[in-house]
Amino acid sequence: MNRRNSSTKIIIRCSEEEKSALLLVKSQLKALTWLNMIKELLNKKKIDPPKIIIQDNLYLLEILTELKRCGNNINQVTKIANINKTITPQETNQLKKLAMQISTLKNKVLKSFVVEGGK
């Protein structure tokens, strides 16, 4: 086994309860070192990217409002096209896909932002 040249130290402050939980995970993974445990966890589970912190919820509200407007526009186009029978099944499917993409984007936005200091 190769010996690492480890000159950097990381200190984690936690409660006794958190320490016990970490030790339990380390033993369950049969990791010899903390670094091995972290590497094992990184390989096992996808880690979400860090969230973007915004100072107020006005920015987030503007994004969500625009997404809602896009969804409303798609719904109006679909309704008028269905009433006038001027829409093909392919166009209907395309509009459904767009609506799903907007919904997915909205969910991603909600998961990506953390409002800090907002009202």
Side-chain angles (χ1 to χ4, degrees):
M1 184 187 235
N2 292 341
R3 175 117 173 114
R4 285 182 284 136
N5 182 8
S6 301
S7 60
T8 304
K9 185 176 185 179
I10 298 175
I11 298 172
I12 300 173
R13 297 190 188 280
C14 60
S15 67
E16 286 297 322
E17 192 175 288
E18 292 167 325
K19 181 181 177 184
S20 297
L22 286 169
L23 287 169
L24 179 62
V25 170
K26 185 179 170 193
S27 67
Q28 287 174 342
L29 292 174
K30 297 178 180 144
L32 298 176
T33 65
W34 292 106
L35 184 59
N36 288 346
M37 180 188 82
I38 292 170
K39 286 179 181 177
E40 186 71 28
L41 289 171
L42 287 173
N43 289 333
K44 282 187 173 224
K45 184 178 178 187
K46 179 185 169 220
I47 295 178
D48 292 330
K51 295 188 178 216
I52 299 167
I53 298 175
I54 56 175
Q55 293 302 313
D56 60 22
N57 55 7
L58 184 60
Y59 179 68
L60 181 59
L61 186 61
E62 287 177 15
I63 293 172
L64 294 174
T65 301
E66 285 301 315
L67 288 172
K68 185 177 178 182
R69 286 180 183 148
C70 291
N72 288 342
N73 289 344
I74 289 174
N75 289 340
Q76 289 172 2
V77 168
T78 304
K79 183 179 179 181
I80 291 170
N82 282 328
I83 289 171
N84 296 331
K85 304 291 185 209
T86 59
I87 189 167
T88 66
Q90 293 86 4
E91 291 169 330
T92 303
N93 289 335
Q94 187 176 7
L95 288 169
K96 285 180 183 178
K97 285 180 185 175
L98 287 171
M100 290 299 294
Q101 288 173 348
I102 288 171
S103 178
T104 301
L105 184 57
K106 179 194 77 165
N107 290 334
K108 282 183 182 179
V109 166
L110 288 173
K111 288 179 184 176
S112 298
F113 287 91
V114 174
V115 177
E116 200 171 84
K119 295 179 182 177

- Message: Please check: side-chain N/O of Gln76 versus main-chain N/O of Asn73, any donor-acceptor pairing under 3.5 Å?
- Response: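 Not a single qualifying donor-acceptor pair exists.
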- Taking Ser103 for its side chain and Ala99 for its backbone only, find out whether a donor-acceptor pair lies under 3.5 Å.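 Pair absent, no side-chain N/O of Ser103 close to backbone of Ala99.
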Got a second to check how far [X]'s [atom1] is from [Y]'s [atom2], nearest 0.5 Å?
X	Y	atom1	atom2	value
Leu105	Leu67	CG	CG	5.0 Å
Thr78	Leu98	OG1	CG	9.0 Å
Glu91	Lys96	CD	NZ	13.5 Å
Gln94	Thr92	CD	OG1	10.0 Å
Ser27	Met37	OG	CE	10.0 Å
Ile12	Glu18	CD1	CD	10.0 Å

- Trp34 and Leu22: side chain to side chain contact (heavy atoms under 4.5 Å, CB included), yes or no, with the steps? CA-CA 9 Å; Trp34 292 106; Leu22 286 169; 3.9 Å; yes
- Query: For the residue pair Ile102 and Gly71, what are the closest heavy atoms and their distance?
  - Reply: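 Looking at all heavy atoms of both residues, the closest pair is CD1-N, 3.8 Å.
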- Where is the tightest heavy-atom contact between Ile74 and Leu95, given as atom of each residue plus distance?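 Distance-wise, the nearest heavy atoms are CG2-O, 3.8 Å.
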- Would a 4.5 Å heavy-atom cut-off, applied to side chains only, mark Lys97 and Met100 as touching?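 No, too far: nothing below the 4.5 Å cut-off.
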- If you measure only the distance, is there a donor-acceptor pair under 3.5 Å linking the side chains of Ser20 and Glu17?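 Looking only at side-chain atoms, Glu17 and Ser20 do not form any donor-acceptor pair under 3.5 Å.
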- Side-chain donor-acceptor pair present, Thr104, Asn107, cut-off under 3.5 Å: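 On atom types as modelled, these side chains do not qualify, holding no pair under 3.5 Å.
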- If you link I, L, V, M, F, W and Y whenever their side-chain heavy atoms are under 4.5 Å apart, who else ends up in the same group as Ile83?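 None; Ile83 is a cluster of one.
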- Message: Which residues end up grouped with Ile80 if you chain together Ile, Leu, Val, Met, Phe, Trp and Tyr wherever their side-chain heavy atoms are less than 4.5 Å apart?
- Response: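 Answer for Ile80: none, a lone residue.
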- Query: Glu62 and Thr65: side-chain hydrogen bond (donor to acceptor under 3.5 Å, both in side chains), yes or no, with the steps?
  - Reply: CA-CA 5 Å; Glu62 287 177 15; Thr65 301; over 6 Å; no
- Item | Within residues 66-83 or reaching into it, pairs that qualify as salt bridge (Lys or Arg N to Asp or Glu O under 4.0 Å) - sequence neighbours excluded |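 For residues 66-83, and leaving out neighbouring residues, the salt bridge (Lys or Arg N to Asp or Glu O under 4.0 Å) pairs sorted by first residue read Glu66-Arg69.
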